[in-house]
Amino acid sequence: MAGRELEWSRGDRAKAAAKLMVGWVALLWLLEVVDVASGHALDGLGITPRTPSELVDVVPAAFIHFGFAHVAANSVPLLVMGFLAALGGLRRFAAVCALIIVADGLGVWLIAPAHTNTAGASGLIFGLFGYLLVTGLVERRPLGVLVGLLVGAVWGTSILVGLAPTQSGVSWQGHLLGLVAGVATAFVFKRRTPEPA
């Protein structure tokens with residue numbers, strides 16, 4: 001049976017993006033509640049580098065956090081940057097997030113220091129930052145450039161601090177790899193046709 005995909009209005013896309021990101025952040029909090037209630041049983045889903053069995057944790061690690069303060073620190077930037085990125089379409093957003101999470105997780109598995117356990121949404125956040133920062137330039141869309149400038153102005157300093165290798169207990173490798181993956185993703189998913197009105 002033939003059919004065609006209905007075009008969503010800007011308002012519909014914004015509502016869908018908002019619902020998705022509120023649900024995503026709520027899931028992170030729920031997982032942390034389960035983690036605490038289970039005596040931190042979910043912490044084992046973080047990535048221990050260069051251990052073959054840990055490759056299965058590359059994706060789950062992006063959803064696990066080490067305490068409520070960790071989740072809280074990631075919630076607002078993930079909510080806002082995820083919402084902005086999802087406005088470009090949910091399927092595209094899902095592909096962007098999947099590529100960032102997998103590339104970042106594999107990179108952490110390869111280069112993180114031995115005997116560490118890396119988890120959290122910050123690799124994805126750094127990736128979304130990189131994606132939003134350059135995608136407007138890559139696609140030559142003025143609105144996208146403006147979004148990139150605003151995101152850079154609001155979170156640029158925090159991103160630079162997160163890349164510093166001097167912070168104890170922070171995976172600057174995961175942050176850097178996420179940022180690089182996000183920039184690369186902007187090129188991989190470059191729109192070939194003008195954005196719908």
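What you see is a predicted model, and the numbers here were worked out from it, not measured in a lab.
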Please tabulate, for side-chain N and O atoms in residues 110-117, each donor-acceptor pair with protein atoms closer than 3.5 Å (sequence neighbours left out).
from: Thr116; atom 1: OG1; to: Pro113; atom 2: O; distance (Å): 2.6
from: Asn117; atom 1: OD1; to: Ile47; atom 2: N; distance (Å): 3.3
from: Asn117; atom 1: ND2; to: Asp43; atom 2: O; distance (Å): 2.9

*Single-linkage hydrophobic cluster, 4.5 Å side-chain cutoff, Leu149 and Leu137 together*: yes

*Who pairs with Ala14 by side-chain contact (heavy atoms from CB on, under 4.5 Å), at least two apart in sequence or on another chain?*
Phe83, Leu87

Check: residues 16-28 side-chain donor-acceptor pairs under 3.5 Å, at least two apart:
none

_ILVMFWY network linking Leu45 to Val34, side-chain heavy atoms under 4.5 angstrom_ = yes

_Can a donor-acceptor pair be found, under 3.5 Å and without considering hydrogens, that links the side chain of Arg13 to the backbone of Ala86?_
no

*Say you draw a straight line from OG of Ser158 to CD1 of Ile125; how long is it, rounded to the nearest 0.5 Å?*
10.5 Å

*Taking all heavy atoms of Ile159 and all of Phe126, pick out the closest pair and write down the distance.*
O-CE2, 3.4 Å

*asked:* Any non-hydrogen side-chain atom of Leu42 less than 4.5 Å from a side-chain atom of Glu32?
replied: no

*asked:* Using only atom types and a distance under 3.5 Å, with no angle test, would you say the side chain of Thr51 pairs donor to acceptor with the backbone of Glu54?
replied: no

*asked:* I need the Leu150 CG to Leu132 CG distance, nearest 0.5 Å.
replied: 10.5 Å

*Any side-chain hydrogen bond (donor to acceptor under 3.5 Å, both in side chains) pairs touching residues 144-154, not counting sequence neighbours?*
none

*How many angstroms lie between atom OH of Tyr131 and atom CG of Leu84, to the nearest 0.5 angstrom?*
11.0 Å

_If you define the side chain from C-beta out and look only at heavy atoms, does anything of Asp35 sit under 4.5 Å from Leu31?_
no

*Hey, quick one: are Leu133 and Val138 part of the same hydrophobic cluster, counting side-chain heavy atoms closer than 4.5 Å, chains of contacts allowed?*
yes

Side-chain atoms of residues 173-186: list all donor-acceptor pairs with protein atoms under 3.5 Å, sequence neighbours left out, distances to 0.1 Å.
from: His175; atom 1: ND1; to: Gly162; atom 2: O; distance (Å): 2.7
from: His175; atom 1: NE2; to: Ser122; atom 2: OG; distance (Å): 3.1
from: Thr185; atom 1: OG1; to: Ala181; atom 2: O; distance (Å): 2.6

*Which distance, rounded to the nearest 0.5 Å, do you find between the CZ of Phe189 and the CZ of Arg91?*
12.5 Å

Throw together a table of side-chain donor-acceptor distances under 3.5 angstrom for residues 56-82, partners on residues two or more places apart or in other chains.
from: His65; atom 1: NE2; to: Asn74; atom 2: ND2; distance (Å): 3.1
from: His65; atom 1: NE2; to: Ala121; atom 2: N; distance (Å): 3.1
from: His70; atom 1: ND1; to: Phe66; atom 2: N; distance (Å): 2.9
from: Ser75; atom 1: OG; to: Trp29; atom 2: NE1; distance (Å): 2.9
from: Ser75; atom 1: OG; to: Val71; atom 2: O; distance (Å): 2.8

*asked:* Let me confirm one number: the OG1-NZ distance from Thr135 to Lys190, rounded to the nearest 0.5 Å.
replied: 10.0 Å

*Find out if a path of hydrophobic residues (ILVMFWY) with successive side-chain heavy-atom gaps under 4.5 Å connects Val188 to Val96.*
yes

*Quick one: do Leu128 and Val161 end up in the same hydrophobic cluster if we chain Ile, Leu, Val, Met, Phe, Trp and Tyr together by side-chain heavy atoms under 4.5 Å apart?*
no

_Nearest 0.5 Å, please: how far is CD1 in Ile100 from CZ in Phe129?_
12.5 Å

